[in-house]
Amino acid sequence: MSKKILVVDDEQSIVTLLKYNLEQAGYTVITAYDGEEGRDLALEELPDLMILDLMLPKIDGIEVCKQIRQQKVMIPILMLTAKDDEFDKVLGLELGADDYMTKPFSPREVMARVKAILRRSQAVIDAAEHLRSEQKDYLQVGELKVYPEQYEAYFEEDLLELTPKEFELLLYLTENRGRVLTRDQLLSAVWNYDFAGDTRIVDVHISHLREKIETNTKKPAYIKTIRGLGYKLEEQKGS
């Protein structure tokens with residue numbers, strides 16, 4: 001069964017281009033031309049991936065992303081922006097986008113990003129199946145429990161409010177607890193894409209995770225910064 005992708009953009013030429021290339025690659029494509037229609041389709045159809053333009057009629061992409069996440073719908077979202085504006089990118093990631101691309105873009109680049117996001121989603125499914133084979137349903141480090149099948153994580157028994165990409169990053173850190181992981185390793189493993197050294201995306205997500213699981217973000221007990229290298233999820237006593 002082919003993966004379903006929702007494309008939301010108010011430019012007919014971009015929708016046509018994306019639809020053609022995605023269908024050629026074997027995906028099922030549904031489309032919308034404004035934010036309200038895109039939001040409603042996302043919640044009704046629950047596609048495997050959403051390609052969402054930032055600037056849309058009725059409600060913009062940031063608001064669409066926000067409203068979808070408020071409904072606890074964890075569809076991966078690839079945000080498109082015509083502005084090469086760091087504020088837009090970071091804000092989009094904070095509100096739950098998984099990745100972003102700046103217009104103009106090549107269809108080849110879009111396909112690489114789509115495949116990367118869907119591969120990582122599959123990796124989460126694989127992690128859940130591996131745990132089931134061991135008759136477990138979660139990974140634990142100290143007071144942190146990560147449930148791949150439910151796409152949920154708990155800290156001190158409280159459910160964490162995580163975006164899909166934050167969850168995937170936390171899962172990968174947990175699977176590799178005690179190991180030092182470079183930013184490039186994390187980019188490759190969690191985003192499955194070469195961001196040409198743009199490791200800020202990792203730092204933004206690490207910062208958000210720390211806000212949710214650290215008592216003191218200035219002196220983190222779980223996600224340690226290894227200066228000059230990257231990050232490590234610290235093993236905790238008794239875990």
Side-chain angles (χ1 to χ4, degrees), residues 65 69 74 76-79 81 84-102 113 116-117 119-121 123-124 126-127 130-131 138-148 150-239:
C65 192
R69 295 300 183 231
M74 295 294 109
I77 296 174
L78 171 59
M79 188 80 80
T81 171
D84 192 10
D85 187 323
E86 191 58 37
F87 174 77
D88 284 339
K89 293 173 184 176
V90 173
L91 183 60
L93 293 171
E94 285 176 349
L95 291 175
D98 294 81
D99 197 356
Y100 58 80
M101 288 184 59
T102 304
R113 299 288 180 104
I117 293 170
R119 269 201 308 272
R120 187 58 204 165
S121 295
V124 176
D126 293 344
H130 177 70
L131 281 175
Y138 65 86
L139 292 162
Q140 183 166 8
V141 178
E143 294 296 320
L144 176 68
K145 289 182 180 178
V146 181
Y147 293 78
Q150 287 87 5
Y151 244 85
E152 291 179 350
Y154 292 79
F155 187 70
E156 296 179 343
E157 305 304 325
D158 292 327
L159 177 63
L160 299 174
E161 296 287 336
L162 300 174
T163 67
K165 199 52 67 178
E166 287 169 3
F167 176 82
E168 289 165 15
L169 176 58
L170 184 60
L171 174 61
Y172 189 75
L173 287 166
T174 306
E175 289 174 324
N176 292 278
R177 55 195 175 278
R179 289 181 55 199
V180 177
L181 302 166
T182 68
R183 289 175 174 82
D184 286 335
Q185 278 179 299
L186 291 169
L187 277 175
S188 176
V190 179
W191 282 264
N192 288 113
Y193 191 82
D194 178 7
F195 273 67
D198 186 3
T199 56
R200 290 167 295 179
I201 193 171
V202 174
D203 297 330
V204 167
H205 283 73
I206 289 287
S207 174
H208 291 168
L209 286 178
R210 280 178 169 156
E211 287 169 6
K212 293 167 184 179
I213 69 170
E214 300 287 0
T215 305
N216 182 351
T217 56
K218 301 293 183 185
K219 293 183 179 179
Y222 283 83
I223 304 176
K224 302 277 193 180
T225 299
I226 310 301
R227 197 169 297 281
L229 291 172
Y231 299 101
K232 176 176 72 169
L233 184 67
E234 192 80 9
E235 291 274 19
Q236 305 291 308
K237 290 179 182 177
S239 67

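Quick caveat, the model's predicted, so the values are computed rather than measured.
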query = Once you round to the nearest 0.5 Å, how far does CZ of F167 lie from CD of E161?
reply = 13.5 Å
Spacing of K145 atom NZ and E156 atom CD [to the nearest 0.5 Å] = 12.0 Å
inquiry  = Would the distance check show the side chain of E214 and the main-chain N or O of K219 forming a donor-acceptor pair, the cut-off being under 3.5 Å?
reply    = no
message = Do R210 and Y222 pair up side chain to side chain, a donor and an acceptor below 3.5 Å, judged on atom types alone?
response = no
query = Are any of the side-chain heavy atoms of N176 and L233 separated by less than 4.5 Å?
reply = no
request  = Kindly indicate whether the side chain of L209, heavy atoms from C-beta on, has any atom under 4.5 Å from the side chain of L162.
outcome  = yes
inquiry  = Can a donor-acceptor pair be found, under 3.5 Å and without considering hydrogens, that links the side chain of E152 to the backbone of L159?
reply    = no
remark   = Smallest heavy-atom separation, R177 atom then Q140 atom, equals NE-O, 4.2 Å
query = To the nearest 0.5 Å, what is the distance between OG1 (T217) and CD1 (I206)?
reply = 13.0 Å
inquiry  = Using 0.5 Å steps for rounding, measure from the CG atom of L160 to the CZ atom of F155.
reply    = 8.0 Å
inquiry  = To the nearest 0.5 Å, what is the distance between NZ on K165 and NE2 on H208?
reply    = 15.0 Å
remark   = Correct closest heavy-atom pair for C65 and M79 would be CB-CE, 4.3 Å
request  = Ignoring hydrogens and angles, tell me if any N or O in the side chain of T174 forms a donor-acceptor pair with the backbone of L170 under 3.5 Å.
outcome  = yes
query = Going by distance alone, is a donor N or O of one side chain under 3.5 Å from an acceptor N or O of the other, for Y151 and E168?
reply = yes
query = Could you give the distance from CG (L181) to OH (Y231), rounded to the nearest 0.5 Å?
reply = 11.5 Å
query = Below 4.5 Å, heavy atoms only, C-beta onward: do I77 and R69 meet side chain to side chain?
reply = yes
key: Contact check, side chains of L173 and L186, non-hydrogen atoms, under 4.5 Å   = yes
query = Shortest non-hydrogen contact from Y172 to A189?
reply = CZ-CB, 3.3 Å
